Amino acid sequence: MPHSHFDPPYNDSPSADSAPASSPLSLSERARQAARPADSYLTGLNPEQRRAVETIEGPLLVLAGAGTGKTRVLTTRIAHIIATGTAFPSQILAVTFTNKAAREMKERIGRLVGSVAEGMPWLGTFHSIGTKILRRHAELVGLRSDFTILDTDDQIRLLKQILRAENIDDKRWPARQLANVIDSWKNRAITPDRVSAGEAHSFAQGRAAELYKMYQERLKVLNAADFGDLLVETIRLFRENPDVLANYQQRFRYILVDEYQDTNVAQYLWLRLLAQGRHNICCVGDDDQSIYGWRGAEVDNILRFEHDFPGAGVVRLERNYRSTAHILATASHLIAHNEGRLGKTLRTEDDPGQRVTITGAWDSEEEARQIGEAIENAQSRGDDLSQVAVLVRISAQMREVEDRFVQLGLPYRVIGGPRFYERLEIRDAMAYLRCVVSQADDLAFERIFNTPKRGLGDATLQTMHAYARHAGVPLMQATRALLETEELKPRQRTTLRDLIANFDRWSRQLETLPHTELAETVLEESGYTAMWQADRSPDAAGRLENLKELVRSLEEFPDLPSFLEHVSLVMEAAESDSDARVSIMTLHAAKGLEFDTVFLPGWEEGLFPNQRALDEQGRAGLEEERRLAYVGITRARKSARIMFASNRRIHGLWNATAPSRFIDELPEAHVEVTEAPAAYSYGGYARNRFDQAAGSFGSTYDTPGWTRARQNTPNTGHATSPGGRRGGNRVIEGEIVARSSGPSSTFKPGDRVFHQKFGPGTVESCEGNKLAIEFDKAGRKTVVDSFVKPA
DNA sequence: TCGCGCCCTGTTTTT
DNA sequence: CAGGGCGCGA
């Protein structure tokens, strides 16, 4: 792509400086366009695409159906703004949802306008841009600029602590659930004080809002932000500091948003605040591909765009460049069953191609066999396996397909499996590095203080915690103080002293050693690598390999902090693409991708549409499932193959399943039902009944299991177990309450005191908060006063 | 304090 | 079926 004909915009003074952005296409702009040779990047765009690219001023909604060149429009638009000198790259805010999308955009812009894209500091995900803004003004929201970003794991551990401290049974009220509740509030930019009474009841008998508040306070103490905060706290920053907001409104002359249908309320508010300055916001999306409602996305955002941004233009991209006519017609017909959509008519000029096939199988194993067989045939015809994908509704479906592929020796790759940074060893290593960078990172310290095993346990941690909470200091600092006392047992004390000394040394080396070396040193000297080397389990080697990979990827960053940030926000499993492998992934993970051939197994009621989506979201859930189906079909360029099985194993039990209602919604003229020869060879119905009978009889032997299975089937809602509370629990809880609420006054020599661990004793001397106490049974000990109460 | 084994639960999708 | 949590025994 030649692009030498336009000047880098750095030399031009962007005209918008002097001309308020009002006229859609100013005279000077038109003159500038006329003056330059036909812009090569504009050629090849169809008229609608071109309109989407060239309508620069004012709000614009681009409704881009599947395969209509959405990314191309976005990137060309940015290139256009830059190439015409309308704005500097640094004045364009371009947000995406995934890092992959951001990366791809950067690359494509780079190809269009040369290296200028490197100078686009504000192209990234909502979260990364939010972080960037937040770091600059952290003190305004009660954080320091080096705040840590908590992942889900940290989040849950933190919530668990809070629940425990509040004596809330985390069995009945799992921290995980509270995390979801809080997340859903953050998705809607609801702060603790704005939680409605009704919603507060969604957890722990109405204490949810209170817990949320404590959680937020705790985050501030820890100098940490969770994913939701990266947006919500930015919104708060903007709202409470109009000058800061104004600054960004000025800066961002042009705002572009990818996948607008996936934005949640918080993201919408965030965007609206920023767009209020210049009103140049261009959102690209497809309401038919909104599939993240469950995590707070609001289709409404895109449906209401024209209302939210008055005077907005709308461009529809309806020319599909990806799929054959049969595939397109099938998808369009299916999605037409949804109400409440903006409506698009996708068209293609390609030849009709093959019809979409629908294939039934006796059970899920046979379904997997059919997929395997079809792919083997394609392979022997010379098809490129990297152009074949199996798209499933839930990851649990992958296993059977994988098993089959392994048997056949078909190369495959699973996309979107556990992420690199979610692996145990990576998290541990990261925790070490986090502690080195910030000794106040309690969650990290807690994670690794006994990894590898050092003989420190829960008892020790509790002591450390109790002191830390009392003194209001981070764990490591608390530990330092405790080392001066006899609060801890000698062995633990020595161990902790060593550990702290290590961290002190590593922290000092932060200045002197290159960060990659430091990371290696830390992992080495902490005994962490040794731990895995000594491990005889089969995956230990892989873990060591991952650790090496971690250190290797460190090289790409200037220092540890920037690396840590990258990992928490961006890091993905290294995927070696481009070799010929079949891709297996969830439908969600498939959005934005395309393949020649797509297999869509598991189109059965309950699985797809997913029962839970139906139960929880009703009709909205059904429509989202249908959109998911639409996304699935439209991934295919040439061949889409829908499949269902009559029996599927769920939790290890075989269940009879009915074909998905979506299958009946497909247009007969564009699909064909293929007979699977082996489908009924097992005897169909009779076998089905037999199976069910066998299932029940077989299980009678296993009474608890059978009872559970029986309870499982009809029970979809909340099973309130009758009299589920254990009588003994309350007493214990009450005891803890009494203990933690005891007053902690200051003591003087001669006072009779009681220590939780050492029992009654007499104070001998005091030094600050350290007391020397002669215990009746345990002898003379130095302890801190927070562990002691008057006897 | 650690490690083992039992039991229970839940299993959509994720920045 | 699997992963996590908890209780028990060493």
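What you see is a predicted model, and the numbers here were worked out from it, not measured in a lab. The chains referred to below are lettered A, B, ... by the order of the sequence lines, with proteins before strands, and numbering in each begins at 1.
For Lys160(A) and dG4(C), the NZ to C1' distance is 9 Å, given to the nearest whole Å. A straight line from CG of Asp258(A) to C1' of dT15(B) spans 14 Å, rounded to a whole angstrom. The distance between atom CG of Asp153(A) and atom P of dT14(B), rounded to the nearest whole Å, is 17 Å. Regarding Arg157(A), its CZ atom lies at a distance of 14 Å from the P atom of dG4(C), rounded to whole Å. Atom CG in Leu150(A) sits about 14 Å away from atom C1' in dT15(B), given to the nearest Å. Rounded to an integer number of Å, the gap from CG of Asp226(A) to C1' of dT15(B) is 11 Å. Atoms CG (Leu230(A)) and P (dT14(B)) sit 19 Å apart, rounded to a whole Å. Atom NE2 of His588(A) is separated from atom P of dT15(B) by 11 Å (rounded to the nearest Å).
Contact check on Lys186(A) versus Asp226(A) returns a salt bridge, with a Lys/Arg side-chain nitrogen under 4.0 Å from an Asp/Glu carboxylate oxygen. Contact check on Arg648(A) versus Glu367(A) returns a salt bridge, with a Lys/Arg side-chain nitrogen under 4.0 Å from an Asp/Glu carboxylate oxygen. Under a 4.0 Å N-O distance rule, the pair Lys70(A)/Asp286(A) does not qualify as a salt bridge.
Of the candidates dG5(C), dT15(B), dT14(B), the closest approach to any side-chain atom of Trp294(A) belongs to dT14(B). Ranking dT15(B), dT14(B), dG5(C) by closeness to the Thr125(A) side chain, first place goes to dT15(B).
The 5' end of DNA chain B is approached more closely, in terms of each residue's nearest nucleotide, by Ile650(A) than by the other of Tyr292(A) and Ile650(A).
A cation-pi arrangement is present between Arg135(A) and Phe147(A), with the terminal nitrogen or guanidinium carbon under 6.0 Å from the aromatic centre and inside a 45° cone about the axis. Cation-pi contact between Arg295(A) and Tyr292(A): present, with separation from the ring centre below 6.0 Å and deviation from the ring axis of at most 45°.
Between Ser364(A) and the choices Gln397(A), Arg399(A), Arg649(A), Glu400(A), the side chain to side chain donor-acceptor pair (under 3.5 Å) rule is met once, by Glu400(A).
By the 4.5 Å heavy-atom criterion applied to side chains, Trp294(A) and Arg612(A) are not counted as neighbours. Between Leu443(A) and Leu222(A), some side-chain heavy-atom pair lies under the 4.5 Å cut-off. In this structure the side chain of Val390(A) reaches within 4.5 angstrom of the side chain of Pro601(A), judged on heavy atoms.
Nucleic acid contact class of Arg399(A) (heavy atoms, under 4.0 Å, all strands): sugar-phosphate only. The residue Lys591(A) sits apart from the nucleic acid: no heavy atom pair falls under 4.0 Å.
No aromatic stack links Phe126(A) and the base of dT15(B), using centre distance under 5.5 Å and interplanar angle under 30°.
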Output field dot_bracket for DNA chain B (Watson-Crick or G-U, both distances under 3.5 Å, | for other-strand pairs) contains ||||||||||.....
Under 3.5 Å, which protein N or O atoms sit close to an N or O of nucleotides 1-6 of chain B? Give each pair with its distance.
{"residue": "dT1(B)", "atom": "OP1", "partner": "Gly457(A)", "partner atom": "N", "Å": "3.3"}
{"residue": "dT1(B)", "atom": "OP1", "partner": "Thr460(A)", "partner atom": "OG1", "Å": "3.0"}
{"residue": "dC2(B)", "atom": "OP1", "partner": "Asn450(A)", "partner atom": "ND2", "Å": "3.4"}
{"residue": "dC2(B)", "atom": "OP1", "partner": "Gly455(A)", "partner atom": "N", "Å": "3.4"}

